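This structure is a prediction, so every number in the text was calculated from the model and none was measured. Reckoned from all heavy atoms, side chains included, excluding hydrogens, waters and symmetry mates. Just so you know, ligand 1 is whichever comes first in the structure, and atom 1 is the first atom listed for that ligand.
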Amino acid sequence: SLCIQLINPNTSLGMTEVMAATARKVASPGTEILAVCPEEGAPSIEGHFDEAIATLGVLQQVKAGREASVDGHIIACFGDPGLLAARELARAPVVGIAEAAMHMATLVATRFSIVTTLPRTLVIARHLLHQYGFERHCAALHAIDLPVLSLDDGSGMAQQKVREQCIKAKQNDGSGAIVLGCGGMADLAQELTLELGIPVIDGVSAAVRLIESLHALRLTTSKFGDLDYPLPKPLSGRFADLNN
Ligand SMILES: O=C(O)C[C@H]1NC(=O)NC1=O
């Protein structure tokens, strides 16, 4: 059986639980989901500054996961913060929810749209499209213009906005699929797929199954070249034990 570490890079336990529940629903029998988040950091990640803060916590959790011999790590934040640094530390596969959802979207549609939270984080999704080589696959990006934690406030308002933006994207973008651009939207994909009649893809679910596939194919992070373990050197202070 497999153990997959689900890392919520923000410190909001409610979001961790929503993502863990979605991951457990889609995981194969025998796959265990170990849901974690950093002990300290940002309650939500809404920009470059928050991502920089979150990266240390992601790396600390990846190290803990490696020591627990997990079979894979999911970075469950749509900016995929610390993805390549995490791959240097890890032995097992590391998959970000943005890359996972984008890859799946390219397998079922020629173009996809992204629906995320704040307009200021749209550029982060654009940077990822460029980094992953998916710019020409993405027809449009939209924001619900509500903060990440509005998805966790129990009002259902953010969820309604996500639904509205997905309907508009289907009508206007010429996309065949929609990628949900926030880990906190993980529980909305199944219902929206049924309602809209097009694939609405959540990166948490996509990442769980991608890691299961990598494991089945005996594929783990290449430790040859730039993703080899970090060069040994005396790190100081809070970083002291991060690389050993
Ligand atoms: O960028 C976003 O809107 C979403 C991103 N921020 C966060 O705290 N978890 C996420 O998935």
- Item | Side chain proximity check, T220 to L214, heavy atoms < 4.5 angstrom | no
- Message: G183 versus ligand 1: do any nitrogen or oxygen atoms come within less than 3.5 Å of each other?
- Response: yes
- When distances are taken from atom 5 (C) of ligand 1, the protein heavy atom at minimum range is C77 SG, 3.5 Å
- Item | S44 to ligand 1, any heavy atom closer than 4.0 Å | yes
- Message: Please report whether ligand 1 has a polar contact with L118, defined as an N or O pair separated by less than 3.5 Å (distance criterion only).
- Response: no
- Among side-chain atoms of S28 and R209, is any donor-acceptor pair under 3.5 angstrom? yes
- Do N10 and C77 have side chains that get closer than 4.5 Å, going by heavy atoms? no
- Check: D187 side chain, T22 main-chain N or O, donor-acceptor pair, under 3.5 Å: no
- What do you reckon, does V148 have a nitrogen or oxygen under 3.5 Å from a nitrogen or oxygen of ligand 1? no
- Closest approach of any protein heavy atom to atom 3 (O) of ligand 1, naming residue and atom: T117 OG1, 2.3 Å
- Query: Identify the closest protein heavy atom to atom 6 (N) of ligand 1: which residue and atom is it, and at what distance?
  - Reply: I45 O, 2.7 Å
- Query: Is ligand 1 less than 4.0 angstrom away from at least one heavy atom of S12?
  - Reply: no
- Query: If you count the atoms of ligand 1 from 1 in the order shown, which ones are under 4.0 Å from a heavy atom of C182?
  - Reply: 4 (C), 10 (C), 11 (O)
- Query: Is there any N or O on N10 that sits under 3.5 Å from an N or O of ligand 1?
  - Reply: yes
- Message: Could you check whether E67 pairs with K63 (Lys NZ or Arg NE/NH1/NH2 to Asp/Glu carboxylate O, under 4.0 Å)?
- Response: yes
- For side-chain contact (heavy atoms from CB on, under 4.5 Å), just list the numbers for I4 and E212, CA-CA rounded to whole Å, side-chain angles, deciding distance to a tenth of an Å, and then say yes or no. CA-CA 9 Å; I4 299 177; E212 290 183 345; 4.1 Å; yes
- Is any side-chain heavy atom of V179 less than 4.5 Å from a side-chain heavy atom of M104? no
